[in-house]
Each structure stands twice: as C-alpha cells, then as structure tokens.
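Encoded as structure tokens, the structure appears first; notes follow it.
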Number of protein chains: 2
Amino acid sequence: RHLYGYSGLTLAKWTITICTGLLVGCVAYIISSTQEFIITCTKIWTQKTLSSSLAIAFLGYAVYSIVLVLISSCLVLYWAPAAAGGGVTLVMAYLNGNDIPDLLRFRTLITKIVGTICTITSSLPLGQEGPMVHIGAAIASTLTWMHGEFPNQKKYEDKRTCCSKIHPRAWPFDFHNDKDRREFISAGTAAGLAAAFGSPVGGVLYSLEEASSFWSRKVMWRSLVCTAVTTMLLSWLHKREFSFALPGSLSFHGLQPVFHLQDLPLFLFTSAAAGILGAFINTSHGWLARVRPPSANAISRIVEACGATLVSAAVIFIIPYLFGQCLPVPETNADEEFWFAYTCSVQDSMSGLNMYNDLATLLFSVPHETIKHLLQLGQDVDPYFTVKSLSIYTVSFLAIFILAYGIATPGGIFMPSMMVGASVGALLGCIFRLIFPGANIQPGLHALIGATALLGGVFRSSISVVVIMVEGTGSIDFILPVIMAVVVSNWVAHHIHQHGAYEADLQQLAHVHFLQSEPPRQLIPLTAFNIMSSHVVGFEEIVPVTDVLKVLRSTRHNGFPVFKSSHLHSNDAGGKMVGLILRHQLLLLLEQHAFAEVDLSSVKDSDKWQFPYFGCMNAKKLQVLESAMRAYHFCHCPHRRDLTSRPEAIDELDLYGFFESRVSTKSSHGTIEGGGTMLDARERPKKTFVLDLRPFMNRVPLTVRGECSAQRVYIIFRTLGLRHLCVTDSNGRVVGMITRKDLGLASRKSSVSTSRWSTTL
Amino acid sequence: RHLYGYSGLTLAKWTITICTGLLVGCVAYIISSTQEFIITCTKIWTQKTLSSSLAIAFLGYAVYSIVLVLISSCLVLYWAPAAAGGGVTLVMAYLNGNDIPDLLRFRTLITKIVGTICTITSSLPLGQEGPMVHIGAAIASTLTWMHGEFPNQKKYEDKRTCCSKIHPRAWPFDFHNDKDRREFISAGTAAGLAAAFGSPVGGVLYSLEEASSFWSRKVMWRSLVCTAVTTMLLSWLHKREFSFALPGSLSFHGLQPVFHLQDLPLFLFTSAAAGILGAFINTSHGWLARVRPPSANAISRIVEACGATLVSAAVIFIIPYLFGQCLPVPETNADEEFWFAYTCSVQDSMSGLNMYNDLATLLFSVPHETIKHLLQLGQDVDPYFTVKSLSIYTVSFLAIFILAYGIATPGGIFMPSMMVGASVGALLGCIFRLIFPGANIQPGLHALIGATALLGGVFRSSISVVVIMVEGTGSIDFILPVIMAVVVSNWVAHHIHQHGAYEADLQQLAHVHFLQSEPPRQLIPLTAFNIMSSHVVGFEEIVPVTDVLKVLRSTRHNGFPVFKSSHLHSNDAGGKMVGLILRHQLLLLLEQHAFAEVDLSSVKDSDKWQFPYFGCMNAKKLQVLESAMRAYHFCHCPHRRDLTSRPEAIDELDLYGFFESRVSTKSSHGTIEGGGTMLDARERPKKTFVLDLRPFMNRVPLTVRGECSAQRVYIIFRTLGLRHLCVTDSNGRVVGMITRKDLGLASRKSSVSTSRWSTTL
C-alpha cells in the first residue's frame, strides 16, 4: 500500500508494535493471575495444615518453595543463563550497543516467564517487574525476527561459482539493522513495565530515562502506542469488561490530599530515611556480590538459591509465630482474602469478631496487596498493623530481600523495594501519630512517600518513578509529595552510595561496557592517544586471501582499517587509511568466494585497476552482496555474534577444499599456507587469490586525531553509536583504534592509573 | 563548601534553579489573577452599560480592547521586537543552538509580561501559555547572568601594555558557556509551562519533547525541581494555604470513568474531527502568513492588530446578541461569576430563576473557566449550552482565533486551541446524545478528548500533551482515552499538514536554521561536498595583524581554519589544517593587543619558534586570556552576538591609534593599510605586528571527508552541537566549511534543486 506515503513497511512496523503490546499484556496477566491463584492456595493450605501441626506446615511450605526455586534456577543455569536476575541491566546494556549473547532468544524468553512464575510464587521476596521488562524486550525482538533464508555456500558447492544464490527477496522488510530493532525493543521494554504497574506513561518514561540509550520522537510514539495497547488489554482482562480505567493494582482510597505546612518536616524525614535505606540496599548488595559463588559454578549457585529460599521460608513462618499479634478484621473490607488468621483463632470466642495475625498477613500475602493495604492507612482508619509488627516486618523483610537479591533465578527488585519503602513509611507514620497525636498524620501517605523515596534511592530515576507511582496508585492528588520524596531521597542516597542499582550492576559485569550519556570524569586529563589500543591490524585494498585468513584466525578484532598499498603508491599516499572493513564483511566475501585469481605484480595503479571477478559478479550481484552483509548477523548465529570472532569461524567456511581443488587443476601450489609472502615475490607463483575490498569497505569512517580529548571521543562514540573509531596522526595514518572496550576500561580506571598513564606520554 | 564533593558551584546552580521556579510562579500568578480581575470587571461594566445602550457598551468595549492591544503592539514593535507572538518557536530555536538577538533580554521579558497581560485581557482569543514559556526562559537567563566585569581596553590605553587587567575572579561561577545556560533555560521553559497549566511533570516533558534540543539527566532533575517549586508556590498563592494539591485550573467533576466498547467509535470520531481541525488551523495559518504585512512595516502591523481586535470585539458583542439563548442558571453552581446574563433579564419574571445568555457566557468569560465548564458536562448534567450555540461559538471563535494568530502582540495559541477542541468535542458529544439517546454519552468527556486531540493536531506532541491534560484536569481516570485521542489526531493531522505549528513556524523564519533531531530526507542523496560552502578563508599559525584585520573586515565568517604556513614547510605539510580559530577569539586578541612586532622572515620553523610577547604575557596571562575568550560573548553585547560579525566591530577596537603611535615611534610606516604584502617582502619593513594563534586555536577540530554522506554530517553536527565543521580532502587540506546555515539551506532545498546539485558534481 503506497497510499499517502505509507508503504507496507510502516504498516508492518505498527503491526509489530501492536502485537508486542498485546502479547506483553497477555504474559503479564498470566504471570500475575497465576501468582495470585497459587499464593491464595498456599495460604488456605497452610491455614488448614497449621491446625494439625506447625512442623508439617513449615516442612510442606519449605519443600514447596525450594522445589519451585530449584526448577527455576536449574532452568536458568543449565538452559538459558541469560535469564538470571531481573534482566533490566542486560537489556540496558543491549540497548546501549553491547552484544549480549542469547539475551533475547526465544529460549531465554520461555525460561524467564516460567522462572519468574516459580520465583514469585515461592517464598522469595522478589517481584515480576524487572523480568517483565526483559520479557517485553524479548517479545519485541522475537516478533521483529523475519527468518530470512540465507543459503549457505555448502549447498552450492558443486557449482563452484563465486556467487551463491542470495536473493534480496529473502528479507521482506529490512528490520535487520540494529537501529530498527532497538526501536522495537525500547517499545517492548516500555510495554513490559507498563504491564507490571498498569502505567502507560510511566512505562514510556522508564524506557526513556533508564532502559534506552538512544531515543527519538519515533521511539516515543511507538512506545506510547505499545504501552497504551498493553494497558487497555490488561484492564480488559482484569475486569472482563471494556473500560478505559487504568489496571493499576495499587489503587488506594481513604487518604485526604490536604496537608499543613507543619507536615513538611515529617515528609522530609520519611523521604530521607527511605533514601538512606535505598542506598544501604545498594551498598549491601555490592558487599554480598563479592561473597556469592561465581556464576560458573552451577551447583553452588543452586545450593545458594535453595539456601536463601529456606531462610526466607523460615523467616516467613517463624517470625509471625513468635511476634505476630491477633487483631480483629476491619469491617470495611472484611471479606477480602487478604487477612490471614495463621495462629490466631479465625473467629474470636469472646467478641465473635474475625481475627488475623498482622505479621503473617504482611508476610504471606501477594506483595502488591500488602503495599495496597499499607497505602490505605488514612487518618481515620485504624492501623491494620501494630507499630511493633511493622518494625519487625521491615527488618526481617529487608534481611531476606538483601539475601535473595542476586541469586540465580529470574526475579526483580522493584516490588520488594517498594515494599520495604512502604513499610518503613507506614512505620514512621504510625510513630509520628503516636508522638504528635493532635496532628493530621496519615500513615498511608507516609507509606506512599516512603515507597517512592526508596525507589528513588535504589534506582535514582526521577520522573519515571513519579509517574509510575501516580499511575500505579491511580491518584494524582499526591504528585507533589511524590516529587519531593524522589528529589530528597536521590540527594541523600547519592551521598552514601554514588551509583544506582542498575549502574552498580553494570559496572560489575566484566564483559559489558556500558557508556553513560555523560562522559565520566576520569577521562578529563586523557586524550585519544591515551585510551586507544595501538595494536592495529589492517589490510591493503587488494589483499591476498591467505593474508586475510591468517589475520582473521589470529585476531578477534571486528574492524580492520584499509590502507593504500604502499608498494603501488608514492611514499606519502601509501599507508594512508582509505576505509574500514568489518570482520563479518570479510567472512561473507570468503563464504561467497568473491575472490579472483590475479597476478598482483601486474597491478600498477589500484585506483584505476578493475578487479576481474568470476563471470557472474556484476553490479547487481554486488548490491545483493551488500544487502546480505547488512543482514549477516541476523542470519548467521543471530544471538551469538561473538561466535564470528572465534578462529574456528574460518575453518567452518571450508575454504581449504575449494582452494585445493582449484589449485590442483591449475597445478599451482602453496598459496594457502604461510603469509608474508609479499617479500619474496619470486618464489611465489605469479597468480594468487585476492579479495578486492574497495566496493565493500566503508569509505568515510569517522576518524579523530590523537590529540583529541578523551571526553570528546567519548561523546562522539556515544552519541553516534559507533563501534570502532580510528585514531590518526596528522598525516592521516592510523595509529590506533578505539572500541567500546577501550572506552569502558578507561572509564573504570582509578585516578592512580590515570596519572601513571599521563606521565608515560 | 567543599563538603562531599559539593562545591559552591552546585549550590549556586540549585539556588538559581529554585529562584527561577519561585519567580516564574509569581509572574504566572500575577498574570492570571490580573486577567481574572479585569475580565470580571469588564463583564460587570458591560452588563451595567448594556441596560442603557448597546451602542455605547460596544463602543466602550471596543475602545478598551483596542487601547490594550495598541499598548502591547507598540511596546513590541518599537521597543522589543523579539517579544512578539508566543515566543515558544524562538526559544526552541535558541535551545537548538541558534543565536536569536535580544530574545532573552530583560527588556523583552518586561515587554512580554506587560504585553501578555494586555493581550489576554483584551477581546483577542490568545492565551498566556506560550508567553509563559518565553517568560520562564527569560527569567532563567536573567538569573544566570552574573555581570562579570570585563574591562575594556580603552580604560588602560595610556599604559600601552598588551595585557589589560582581566581577572578570572570577575566570573565567580562560570555559567558563561552555552551548555550551562541551556540547562537553566530548559528548566525555565519547563517551569513556564508548568505554571501555566499547574502541571509539574507535564512541564518537564514539554521541555523534553518540544522545547529543548539537548537533554540529559541533569537537565531532567533541574527541570523537575524547578517545576515542583513553581507548582507548589502557585498552589499556595491560589489557596493562601499550604497544600500539596495541584493548582490545575481545569479540574472537573461529574464525569464517570466507565465506558463501554460501543463508545469507542464515537471517541475515534471526535479525535479524528479535532485532528482535522488542528491541521486546518496550521494550514490556514500558513496561508494567512503570506497575506499579512511584513514585520518591518510597523505601522501596518499595528493597524492589523487593531483591526483584528475590532473584528474580535464585534464578534464577541454581536454574535450573542443575535443568536444567544437565555437559559436558567444551574442550581449546583449558581453563585459563580461565570454565568453572564447579557441581553437576558438577570432574573426571569415568570419562574424567578436567574437567567444567562449561553453564547455571551462562552465568549466573554475567562478562557479556562469556559473550558472547565465544557469539561463538566457529565451524563447526568443538563447541558449548559444548546447545540446551536455551541456550533455558532465554535465557528466564530475559530474564525477570530485564526485571524488573531500571527499578529504582532505577545500571546499564545495553546489555550485557544484547547478552547476550539473542547467546544468541538462538547458539540459532538451533545449531537451524539441526541442521535443515541439511550447510550451513556458524556459530552464533557468528548470535550476532553476534543481538546486533547486538537492540541495533538496543532502541536504534534505526544506524551507531554497527555500528561498536561491529566495534570491540568487533576484526574488520571481518563488517561487512556486521552492517549488514544493524541495518537489518532496526530495520525490524521499528519496526512493533511505535515508539520506541527512550531515546525511550520520555524521553517518560515528565514534567519533561523533549526536542526531537527532526525536528518531530513532531502539529504539522502547528498554528500558533504554538496552541502559545504567552498569559500573558506583561513590563517596561518603566525599571521600579520594587517591580514587578520582585512579578513575580519571583509567577511562575516565566525570560524577560520588555521593552516601550517606554506613557505616554512615542505609542500605536503604546508596548507594542512592544524586548528580552528573563532572570530571572537581574534577580536579579543586584537582588543587586548596580544601581538608582537617581529621579523617574519627570520622565522624558520614555526613548530619550535617562540613568540616574543611583550613582557607581561606569561603562561598565567595566557590562561586568563583563554578564560576571557570563553566569557567573551557574555560581556560584549551579550544579547547581540551578531554584532561581532559586523565590519564595524573592528573599527570599534580603535587599533589605528595604537598602531600609528607605535609606528611613529619606530618610524616604520605602512603596515596597516593593504594586505597581501607577503609577496613583495623587500618593500615592506622588516618588522610587522603578528598574532600567534597557536596557543588559542582549537587544535583538534572535528573534520569530515568530502565523501561523507550529508545525513551523517547532519547527525554529527546535531548531536555534538557543532557550529563549524571543516571538510577536508584525503590529504587533510580544507576544501570547505559546513555551518548550521549550510545544513539548514540544504534541508530546505526542494528535490529539484537537489538533483541539479548532484549532477554538477
């Protein structure tokens, strides 16, 4: 349809966007309703068993939890390791331009969904928000996948022709560039978070502020449509009736949005306290990360996960037994499944009221129900929980949360962080109420502020947290206290632990080099010379296949500068950089046998020289080859780009057989083994197989001069989303290359090594 | 305070941020309460006078309106031309990196405030939202201004030394770079919009999505704090009691957020209709802009403004007189000043009810009150206005709005657009109610959807409009229909008129070259060669003052490449670009007399040669000079950077006197007049005054090769915020320069001229 400038491509893109939204909504509904169903069943079973024996109930609960965690951690460790943890960090790294093997595979998606359901229904204090972000990204990525047929050379081996049949038709829509895919994955990320909180605008802002490194108006539109579709579907699924209401699960009532000026210091106190707690969570996570077993050791990781589950189950069981208080169920919402009697008699013999154990109710319930009830503590409402129980709950939940944050199962820290924040806030609110009995203090409001402030302290997001809280609670009246809480807690937390949870995690991942949007301070005294890696391997424009094979086998570089050949040109032109060629381009050229057998010494002037391809390599074929180059990574081991940089990738091309057969027919031997044959031109046979890189190389790669400041290099690299940047001297000769890795390493260097570097130059 | 890494700079920045917020809040309160007060007075006066004579009342109203508009347009045209219109477009252009003379001057700020009050209290259908954005930016800019003392050379003329007393202390905090100032101005912009709508998050998102071209986490934080402060202050000012409630003026009640699936087509219809109308407003504005008198002709601009006011006053007076219907005041809100009797008897003699003229009420009232009442039309509420009146109102208001949109007074189109949208929506809602009497149709909801969709159609914003509507109405229940309305209307409007109001305005401004975040399609077939301007003037590293003066006087360029001098170096090094020097750097060097008298022919190797400065020019002085260069634009005619590129700027340096006195003492004459003395070295005196550019030039300017695609150049230019980009050939010699102007011109070229360009190369 080429109507009004709308081609099928645009239609396809919007179709994918809407499908992503719908699928993410379905998955979110499945996860959350499964969680609610199973947790309710567990509560009923526990209640029943408890009346006969505490030991059996605990044993049953612990075994059930451990089995679930065992399933999820085995899946993760033995089938799809990329599905561990929340996944937000890795999605961020991917959207930043890193190559994360297997991150968005279908296998990882399945593991993530199953594993998340197992984890959140077990006793572990982890949530589904982080995994939903990863699931959204993986769904978007899977939908963009149009499995283009990319015929392997082997099929056509008998034809012995340089041009396999690569048709441009194999890729109906060209989603095979990273920019398009990033757009969809950003939208999927937004939809994931929107589904988790029922927050369409919040999801978009989260994707903008945290997850995505590249953003544009187009992405904004795509994300907004995607999140709106997700939210509408979720709203319909929950209520089974079409309505435009938000499905936000935290909706509260009973609070009055009227405060006096004297409440302000209390709000500030709660925000600051939650901010400090947030920074404490980050710090303790950093400490514990050093003690935890390494990921490579699968058995000990599984033992760790099961141990954490056991501790968690024990805490959940024993704490309410020892400290829980029996309170009468409030009349206004007496029929909710939320209230959990546990050790209390279900019906009090004296007053005839239904009773509940407040600590057990807090610990056993579905997390978002708990938060909802904490936020409902208005001025006129009797507190559902005693101060003593709230403080015990806060401490014990925080302990098992820190223990569980970092084990090898899918599970996010968004919901537990909110939980800690809400309970701290509610606790402080209740305490304030005792201290200032006359003042208009609403513990629920303090719980809201505490939850927001803790999110601010842990994640250091600003506007997205504000909007998520507003949309999640479905009430805009409290937006100003929420903004204040975020600002204060960020300020406080920043002085205790410099980085947010995501940034801290990203810094610990050794193989990921995340480039922040602002250049780090460590780069200020450095120049491009200081950070580049000076071991550069390049090719000449017309290069013997043997040289290419040797270099590809001996290095793992992905970009190679192309020079003017020095023996054909005068001194000052020779060695000058004229382009950049990528590893996968070379691999494709080799795979498609796009080389020719020529006498190199007969070439006088490479600028005018025509390359004698085997017959069928005409201009159209060149075009097809070029488009195949763009799609290369999506057809050859799509989720494992790192495989192409193995030396074995060369052997898999199976070129030896080809060469030998050709060589034997022409009875010229020895071209394959041994490089550096350039010097002894006499011994070598006159004709060699050569590749012509000129039609394929990037002729105008961006280069910087060595004197350029490292900060500037960082900004260029980051804003333009580069992978390689050549550093040249004043004569246009390449003296080094800067890759993401070099920048990442330079940013992490401590100031000590920085000063050492500066002095060596 | 160097506590925890917090220096005074950070404190000063936050102080400025909070002060900006407070001041913007005050100004917004003054403007809106003045408007309400005066409009209420006008209504009372009209009501009184009307009982005696219609003609006198009309005359009085018209004269009063015209006098106000006359004041505001005279102020604009004769005192501060940059204050005309909404100002959002120009602020956007400024934040994009354009230099807009006088845009953020204190004089412009005053004119904008006074002019806006005059315009919105007159009969013109213009709002204060756009001007508030401009006012916010101007307040932020004024506060960042620390008037550093920058002693002029003239004071120290008698000392005849090269170094005037420039102290680094003159600038206590270095806000004198464009990046810092842009941050504050972005925050001010956000605060302006937040104040206009009582929408803290919406203001930030508006600044992010529309106004600001460069955005970072820091700016997000600064804007959020700024808007929160503004909103809290406004909320306090309106209610005289501290509360965290939003001051949103559009708050409505009476609507139910429950819809059925069958309402969806009606919502879509309303959204599409409003979207079409939005595109129509843009299109007709484009047409009318060609007919309007040019800005240079002040008298005809004033006549135009007065004419538009007269027409507007006539419409407001006559339409209700002819078509208005008398309705009883609804009992629920009978005591509001909103209801306007006009020609109806205030109290009906038959029923004893208070009556109002519905058309007069719509046309005479404060705009946001009208919108508020349109949004209140719930399912159970009797419509306040008849279908006939609503349709007449829509058409007549649209007509005078299009007429007034573009006259030379301050005034924005945000509120009138919302008004048109709300009335269209309410009208459609009332019609739907008549057609489907059984269905649950709430005209107020359609009014909300219509207002949102019209904003989407006119401005093509996405998420900011959604959040502004949610925060402005104080109700989050309707967020999903609002998102839907924005998406649909944008899609519809995009097919009728390609650009939003701001983009269309920016394209019409000849002296502004706005660079969108995505490169335009016109650039696809072009390369850097095609778009660069090949007339490049450069200097050698050691350059005679006479040459500099001659070039500065004959060109208006702002950046000059610096070459290796060709007569000192071998052929391939000579002419090679080694740096870039800016016009203001040269001007400062000349002003500070940082030159020396040397014999150029004695210089053998410029790389090693030491420049013999007059005694006091040591390393520290060089540093001071450099920091003075950074602050140059903020101390020399700060709001008129364009003045430095006039030829007269050279004469103002008053160098002739200096040269003549120096020359006369040394009795060597003729160095000043006539350039090109390089060739006849014998006739020229041995010693010339020369400037050494090496310590000051930017040694690693970014360069691109001529073959680089124009789109890539655009992206580099835009993301790195460059002003000049040198284009080099493969030997490192400069062949052209690309400036913002070149990119802007190339983007505007039609495809016809593009193809012509391509063929010439």
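In what follows, chains are A, B, ... by sequence order, proteins preceding strands, each numbered from 1.
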Which portion of A:Asn490 sits near chain B, non-hydrogen atoms under 4.5 angstrom: side chain
Going from CZ on B:Arg217 to OG on A:Ser461, what distance comes out if it is rounded to the nearest 0.5 angstrom? 6.0 Å
Quick one: CG on B:Leu224 to CD1 on A:Ile483, what's the gap to the nearest 0.5 Å? 5.0 Å
Hey, which of B:Val578, B:Thr703, B:Val486, B:Val225 has the most heavy atom pairs under 4.5 Å with chain A? B:Val486
Tightest non-hydrogen contact, residues A:Met577 and B:Arg705, listed as O-NH1, 4.3 Å
Under a 4.5 Å heavy-atom cutoff, which of B:Ile716, B:Asn698, B:Val704, B:Val466 has the most pairs with chain A? B:Ile716
So what's closer than 4.5 Å to chain B heavy atoms on A:Glu518: side chain, backbone, both or neither? side chain
Against chain B, label A:Val201 side chain, backbone, both or neither, depending on which of its atoms sit under 4.5 Å from a heavy atom there. both
Does any backbone or side-chain atom of A:Ser517 lie under 4.5 Å from a heavy atom of chain B? Answer side chain, backbone, both or neither. neither
Between the CD1 atom in B:Ile715 and the CG atom in A:Leu720, the distance rounded to the nearest 0.5 Å is 7.5 Å
Where does B:Gln516 contact chain A at under 4.5 Å (heavy atoms): side chain, backbone, both or neither? neither
Between chain B and each of A:Val467, A:Thr728, A:Val487, count heavy-atom pairs under 4.5 Å; write down the option with the most. A:Val487
Please report the closest heavy-atom contact between A:Ala228 and B:Leu480, naming both atoms and the distance. O-CD2, 4.3 Å
For the CD1 atom of B:Ile463 and the CG atom of A:Leu205, what is their distance to the nearest 0.5 Å? 4.5 Å
With rounding to the nearest 0.5 Å, note down the distance linking CG in A:Leu702 to CG in B:Leu702. 6.0 Å
Side-chain heavy atoms of A:Leu208 within contact of B:Leu208, under 4.5 Å: yes
